Amino acid sequence: LADDSNLVIGGDRVRHGIARREFGATGVAVSEVGFGAWGIGGGYGGVDRTESLKALATAEELGCNFVDTAMVYGDSEQVLGQFLKGRRSKWFVATKYSGQSPGMTATIEKQLQALHTDAVDLYQLHWYPRGQDEHLLDELERLKQAGKARFIGISLSSAIDMRDALARPPIDAFQIPFSLLEPEPFLACLGMLTRNRKGIVIRSALHKGFLTGKYKSDAVFPDADDQRHKLTHARIAAIVNQVERFRFLEHDAGSMAGAAARYPLSFSPVSTVVLGTKTEQQARSNYGEVPGTLSSAAIERIRVLQLKLGLRGAAWRRWTTRIRLAMQGTA
Ligand SMILES: NC(=O)c1ccc[n+]([C@@H]2O[C@H](COP(=O)([O-])OP(=O)(O)OC[C@H]3O[C@@H](n4cnc5c(N)ncnc54)[C@H](OP(=O)(O)O)[C@@H]3O)[C@@H](O)[C@H]2O)c1
């Protein structure tokens, strides 16, 4: 699985440290740390396009080959399209359908144009479709058959979503939130995810940047376009206080950001952890510092702390037990 070849960057011999992992049963290997492209579209406030392009180029130099975007991430697809000219084959490009009219087929055509490509590697539904939306799963499959997307996936938010999505065999991949501060629903579904070979894309591992440990409890986000702008002072202080409880991880991982990336990578069903990256400096940190995994002692200490902080709720446990029993046909 690991691809430990050496690259020469800027005249210096730099170890190409990003390991590759199998992307489910697709036969494709992706870098275990991927590029989250919401930020370069402005999701975390104003960005400079030159800087965004440098961030992407740096990620590529350091061995990243997976990028995740969406049409609703501002001009992220346009920036990415500009970057991908002449280097499309080096990247595994994932984007999403977020419900735009006049429908999925017309929307993906626009996205392919923006991305300067004939097909994306992964086309994902931005949510699990139920009721009137269910036909979207068939449309997704048709796009794959038509060659517009090599693989198809769904971005999920709950254990129920995961259970239902796993019952749809043609789906190649899932995107799931998972971090030190948000261990569920991923961990509640770990058994199911281990048994089924799907490409697993982990999002929000840095918890909107807070898990890098750089924010203090009095942090403010003045840019109205920054999704953190609406967080109350009390909420920010609560998040930062929780992050501080995980500081002990810095010792082993070298940095909080490194520990936050290593945490999901410590679980084998995970294919790639997409870290939101806006600048060249962030790219050097996110793709240059080899993540690896955390020790089992650290994972256990995290588990205990998550329980103490109420991040793994009793309600969740009851609910997932019900799901497990239902799957076993005993409830
Ligand atoms: N429903 C969905 O499908 C969904 C939802 C959310 C995200 N996603 C995907 O997941 C990706 C990752 O999530 P995300 O972008 O929301 O957030 P994230 O990865 O949790 O955090 C990203 C933010 O952290 C800060 N940061 C990143 N690397 C850093 C470093 N090395 N040092 C210091 N600060 C750093 C940057 O913001 P600042 O510098 O401004 O602090 C960056 O914008 C997205 O880009 C998107 O592709 C999908």
Side-chain angles (χ1 to χ4, degrees), residues 33-48 51-52 55-56 58-59 62 64 66-74 76-77 79-80 92-99 120 122-129 153-158 161 165 173-182 185-186 200-216 219-223 225-229 231 236 239-240 243 250 253-264 270-289 291:
V33 189
F35 194 106
W38 195 359
I40 61 169
Y44 287 91
V47 276
D48 171 62
E51 188 65 31
S52 300
L56 284 159
T58 303
L62 294 171
C64 175
F66 186 101
V67 61
D68 177 70
T69 184
M71 196 182 207
V72 292
Y73 293 168
S76 174
E77 287 183 339
V79 179
L80 193 53
F92 186 102
V93 177
T95 190
K96 311 184 190 79
Y97 176 64
S98 315
V120 288
L122 178 66
Y123 200 54
Q124 307 155 102
L125 283 180
H126 219 143
W127 73 105
Y128 188 81
I154 313 179
S155 181
L156 304 170
S157 305
S158 72
D161 282 355
F174 300 135
Q175 184 169 141
I176 307 171
F178 182 31
S179 73
L180 291 164
L181 297 186
E182 194 181 2
F186 179 88
I200 302 292
V201 180
I202 297 299
R203 66 171 185 260
S204 310
L206 298 176
H207 204 81
K208 302 182 193 301
F210 285 104
L211 276 168
T212 62
K214 68 180 175 179
Y215 289 114
K216 302 270 182 294
V220 286
F221 299 96
D223 189 333
D225 292 331
D226 186 334
Q227 58 185 280
R228 297 164 295 194
H229 180 65
L231 293 175
I236 291 169
I239 297 171
V240 170
V243 171
E250 231 169 6
S255 69
M256 277 303 287
R262 281 186 195 198
Y263 177 57
V270 171
S271 311
T272 186
V273 175
V274 283
L275 302 180
T277 307
K278 296 191 325 194
T279 62
E280 182 182 358
Q281 195 188 356
Q282 289 181 357
R284 294 225 170 272
S285 153
N286 293 344
Y287 311 105
E289 292 159 17

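Just so it is clear, the structure is predicted and the values come from calculations on it, not from any experiment. Both counts, for ligands and for their atoms, begin at 1 and track the order of listing.
- With sequence neighbours excluded, the residues forming a ring-ring contact (aromatic ring centres under 6.0 Å, His included) with Tyr263 are Phe178, Phe267, listed by chain and number.
- For ligand 1, the 4.0 Å heavy-atom shell contains residues Gly36, Ala37, Trp38, Tyr44, Asp68, Tyr73, Lys96, His126, Ser155, Gln175, Arg203, Ser204, Leu206, His207, Lys208, Gly209, Thr212, Lys214, Tyr215, Arg228, Val274, Leu275, Gly276, Lys278, Gln282, Ser285, Asn286.
- By the ring-ring contact (aromatic ring centres under 6.0 Å, His included) test, Phe92 pairs with Phe23, Phe66, sequence neighbours left out.
- For Arg228, the salt bridge (Lys or Arg N to Asp or Glu O under 4.0 Å) partners two or more places apart in sequence, or in a different chain, are Asp226.
- No donor-acceptor pair under 3.5 Å is formed between the side chain of His126 and the backbone N or O of Tyr97.
- For the pair Gln227 and Trp38, the minimum side-chain heavy-atom distance is below 4.5 Å.
- Between Tyr287 and Phe35, the ring planes lie parallel to each other; the angle is under 30°, not in the 30° to 60° tilted range.
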